[in-house]
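For reference, the structure discussed in these notes is given below.
As the structure is a computational prediction, the values presented were derived from the model and not from experiment. In what follows, residues are counted from 1 in the order of the sequence shown. Both counts, for ligands and for their atoms, begin at 1 and track the order of listing.
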Amino acid sequence: MDRIVIRGGERLIGEVEVSGSKNATLPIFASSLLSMGDHRFYNVPNLRDVQTIIKVLKNLGVKISGDGGEYRIDATEIGNEEAPYDLVKTMRASILVLGPLVARMKKATVSLPGGCAIGARPINLHLMGLEAMGAKIELRHGYIEAKADVLKGVNLSFDTITVTGTENLMMAATLAQGKTILQNAAMEPEVVDLANVLNKMGAKIYGAGTNVIEIEGVESLHAIEHTIIPDRIEAGTLMVAAGLTRGNIKILHCPFSDMEMVIHKLRDSGMEIEPEGDGVRVVGMKRIRSVDVKTQPYPGFPTDMQAQFMVLMSLARGLSVISETIFENRFIHVSELQRMGADIRIQGNSAIIQGVESLSGAPVMATDLRASASLILAGLASEGVTEVSRIYHLERGYEGLDKKLAKLGANIKRVKEGD
Ligand code: EPZ
């Protein structure tokens, strides 16, 4: 397996471009199942997870072609309604084909996603919502078997705010009979981008981006063109990289208005972050101030930025507390950061971080997508060499992060297995 080797200590200087959002692309690609015709998508990031959703769709008989950011998807013919375990186990977001398949084909057989490194991640709310809309759901041999002669609009209230749960049911509701109301809905920008795509397709969705979304069912939808929004988590990761290396970078295609809480916390840590022309200027200062953070659903501090922010706090002056309220096991990166000299103690769902003068490079192992990004960031700010193994985790959600950082002056390279 390839690894990434970083020699820390270089300041990041220059311009860098944010790619399209992984967490917008995945539900939007799944939504193509809802209509016949030839969809066109632009600014699609080249990620392992995007290749996986493409495999899932092709397995359903969908015609997909494209590369370099532009894709054509034609779901006129759907040959079967099965999303198999060997694909779903590699990416839980494959569950996003469930709602569209039940709505369009009246049935679906989708593997249960199972847990993952960061938590059990049940999908009970997805299934409860579909059942409330009239689907018959059976769990057999590790698969969800869903059938619905007709889906009816319902008034649903989520016990827990769920991003893909909101997306799955919003998609299913577009072709239901009558009106669906989703209360306590997720408000993430990626939910809004999906709703924009669905409304372009002819759906009638109101309130996306708030915690109450109304969907009036329609007879059918049609193909559209759409440009995927930029990835706010990649943008936040690049900002932390600048903060850690006292860098001075300009981020292009930065979704500044979708990053209020992240920018607020980074400014509190002493960074300067301001719009500048067609991008955002990000300047890291020598003195990093300690800042407390609690992850929350949007517009709160995103759990997907927790590991990255923890690296910044590892080098801040003073003590900071980071509380993870979304997932039950999202501190896996802590033990690897401790091996690099970070002073972090876990107490329940909180990490108590005592800033240290410096981190030291070490061989470390990535365990999940955002943990792998945090280890790369730690390497940038460490004395000596850091080798990050199992970087396939990183490639799930970051497009050429090593190349982007190298272009900004980082001493970072990808090393083929066996070299
Ligand atoms: C989405 O996952 C994102 N993935 C995750 O990003 C992100 O961390 C997460 O939302 C939270 O923001 C995509 O959008 C593809 P949830 P999702 O359903 O939808 C509980 C990344 O790094 N829950 O919002 O799977 C669940 O256990 C990934 O890009 C239920 O209990 O997350 C969790 O505690 C990681 N029952 C909480 O809700 C359900 O039916 C939030 O999960 C569904 C969720």
Side-chain angles (χ1 to χ4, degrees), residues 19-31 45 47-50 52-53 56 88 90-99 110 112-132 137 139 144 156-171 182 184-194 211 228-229 231-237 258 261-262 295-309 324-330 332-333 349 366-374 393-399 401:
S19 301
S21 163
K22 166 177 85 81
N23 290 350
T25 300
L26 299 177
I28 286 171
F29 271 31
S31 75
L47 303 171
R48 192 182 287 270
D49 276 8
V50 172
T52 302
I53 195 77
V56 171
V88 176
T90 64
M91 186 188 66
R92 14 170 339 87
S94 310
I95 193 68
L96 283 163
V97 302
L98 177 65
V110 178
L112 279 161
C116 83
I118 63 177
R121 300 186 72 183
I123 54 154
N124 58 309
L125 300 176
H126 301 234
L127 303 182
M128 280 162 58
L130 286 173
E131 279 181 324
I137 306 267
L139 303 184
I144 301 155
L156 277 173
S157 190
F158 288 107
D159 296 349
T160 309
I161 294 174
T162 162
V163 174
T164 51
T166 299
E167 291 166 343
N168 235 336
L169 295 173
M170 185 164 74
M171 289 191 279
L182 302 180
N184 203 22
M187 302 192 276
E188 272 69 3
E190 295 76 29
V191 173
V192 176
D193 204 31
L194 172 64
N211 62 355
I228 303 286
I229 55 172
D231 193 311
R232 61 192 169 96
I233 305 300
E234 182 193 14
T237 305
D258 290 343
M261 181 60 87
V262 169
T295 65
Q296 297 280 8
Y298 193 88
F301 191 90
T303 174
D304 294 348
M305 276 297 301
Q306 180 255 104
Q308 300 91 309
F309 196 80
E324 172 56 62
T325 71
I326 307 293
F327 292 112
E328 66 267 29
N329 187 32
R330 205 170 195 176
I332 309 170
H333 44 284
N349 73 338
T367 50
D368 67 83
L369 168 55
R370 305 304 172 182
S372 50
S374 73
H393 289 291
L394 185 78
E395 292 165 341
R396 292 192 51 176
Y398 288 94
E399 184 176 18
L401 183 63

Close-contact set for ligand 1 against [X] heavy atoms, below 4.0 Å:
{"X": "Lys22", "answer": "21 (C), 29 (O)"}
{"X": "Arg370", "answer": "21 (C), 22 (O), 29 (O)"}
{"X": "Asp304", "answer": "5 (C), 6 (O), 7 (C), 8 (O), 21 (C), 22 (O), 28 (C), 29 (O), 35 (C)"}
{"X": "Ile326", "answer": "33 (C), 34 (O), 41 (C)"}
{"X": "His126", "answer": "40 (O)"}

Check [X] against ligand 1 and report side chain, backbone, both or neither, counting heavy atoms closer than 4.0 Å.
{"X": "Ile161", "result": "backbone"}
{"X": "Phe327", "result": "side chain"}
{"X": "Glu190", "result": "neither"}
{"X": "Leu369", "result": "side chain"}
{"X": "Glu328", "result": "neither"}

### Non-hydrogen side-chain atoms of Leu47 and Thr25 separated by less than 4.5 Å
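No, every pair of side-chain atoms sits at 4.5 Å or beyond.
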### Task
Please test Leu369 against Lys22 for side-chain contact (heavy atoms from CB on, under 4.5 Å), starting from the C-alpha separation and ending with a verdict.
CA-CA 12 Å; Leu369 168 55; Lys22 166 177 85 81; 3.6 Å; yes
[X] N/O under 3.5 Å from ligand 1 N/O:
{"X": "Ala93", "result": "no"}
{"X": "Asn124", "result": "yes"}
{"X": "Thr162", "result": "yes"}
{"X": "Glu167", "result": "no"}
{"X": "Val163", "result": "yes"}
{"X": "Thr303", "result": "no"}
{"X": "Arg92", "result": "no"}

Which heavy atom of [X] sits nearest to which heavy atom of [Y], and what is that distance?
{"X": "Asn168", "Y": "Ile95", "result": "ND2-O, 3.0 Å"}
{"X": "Ile326", "Y": "Glu324", "result": "N-OE2, 2.9 Å"}
{"X": "Pro27", "Y": "Leu194", "result": "O-CD1, 3.8 Å"}
{"X": "His393", "Y": "Thr367", "result": "CE1-O, 3.2 Å"}

### Task
Consider only side-chain N and O atoms of Arg232 and Ser21, and report whether a donor and an acceptor are under 3.5 Å apart.
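Per modelled atom types, Arg232 and Ser21 side chains form no pair under 3.5 Å.
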Does [X] use its side chain to pair, donor to acceptor, with the backbone of [Y] at less than 3.5 Å?
{"X": "Gln308", "Y": "Asp304", "answer": "yes"}
{"X": "Arg121", "Y": "Pro113", "answer": "no"}
{"X": "Gln296", "Y": "Phe301", "answer": "no"}

Tell me which protein heavy atom sits closest to [atom], plus the residue, atom name and distance to 0.1 Å.
{"atom": "atom 19 (O) of ligand 1", "value": "Thr164 OG1, 2.6 Å"}
{"atom": "atom 40 (O) of ligand 1", "value": "Leu125 N, 2.7 Å"}
{"atom": "atom 23 (N) of ligand 1", "value": "Pro122 O, 4.0 Å"}
{"atom": "atom 3 (C) of ligand 1", "value": "Asn23 ND2, 3.7 Å"}
{"atom": "atom 20 (C) of ligand 1", "value": "Thr160 CG2, 4.1 Å"}
{"atom": "atom 2 (O) of ligand 1", "value": "Arg121 NH2, 3.2 Å"}

Any [X] heavy atom less than 4.0 Å from ligand 1:
{"X": "Gly119", "answer": "no"}
{"X": "Leu96", "answer": "no"}
{"X": "Arg330", "answer": "yes"}

### Task
Among Thr162, Ile161, Thr166, find the residue that satisfies the side-chain contact (heavy atoms from CB on, under 4.5 Å) test when tested with Asn184.
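In the set Thr162, Ile161, Thr166, the residue that makes a side-chain contact (heavy atoms from CB on, under 4.5 Å) with Asn184 is Ile161.
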### Message
Closer than 4.0 angstrom, basic N to acidic O: yes or no for Arg48 and Glu395?
### Response
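Between Glu395 and Arg48 there is a salt bridge, with a charged N closer than 4.0 Å to a carboxylate O.
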### Task
Would you please test Phe29 and Val56 for side-chain contact (heavy atoms from CB on, under 4.5 Å) and show each step?
CA-CA 10 Å; Phe29 271 31; Val56 171; over 6 Å; no
### Task
Tell me, with the steps shown, if Arg330 and Asn349 meet side-chain contact (heavy atoms from CB on, under 4.5 Å).
CA-CA 9 Å; Arg330 205 170 195 176; Asn349 73 338; over 6 Å; no
### Task
Could you check Gln306 against His333 for side-chain contact (heavy atoms from CB on, under 4.5 Å), going step by step and ending with a plain yes or no?
CA-CA 10 Å; Gln306 180 255 104; His333 44 284; 2.9 Å; yes
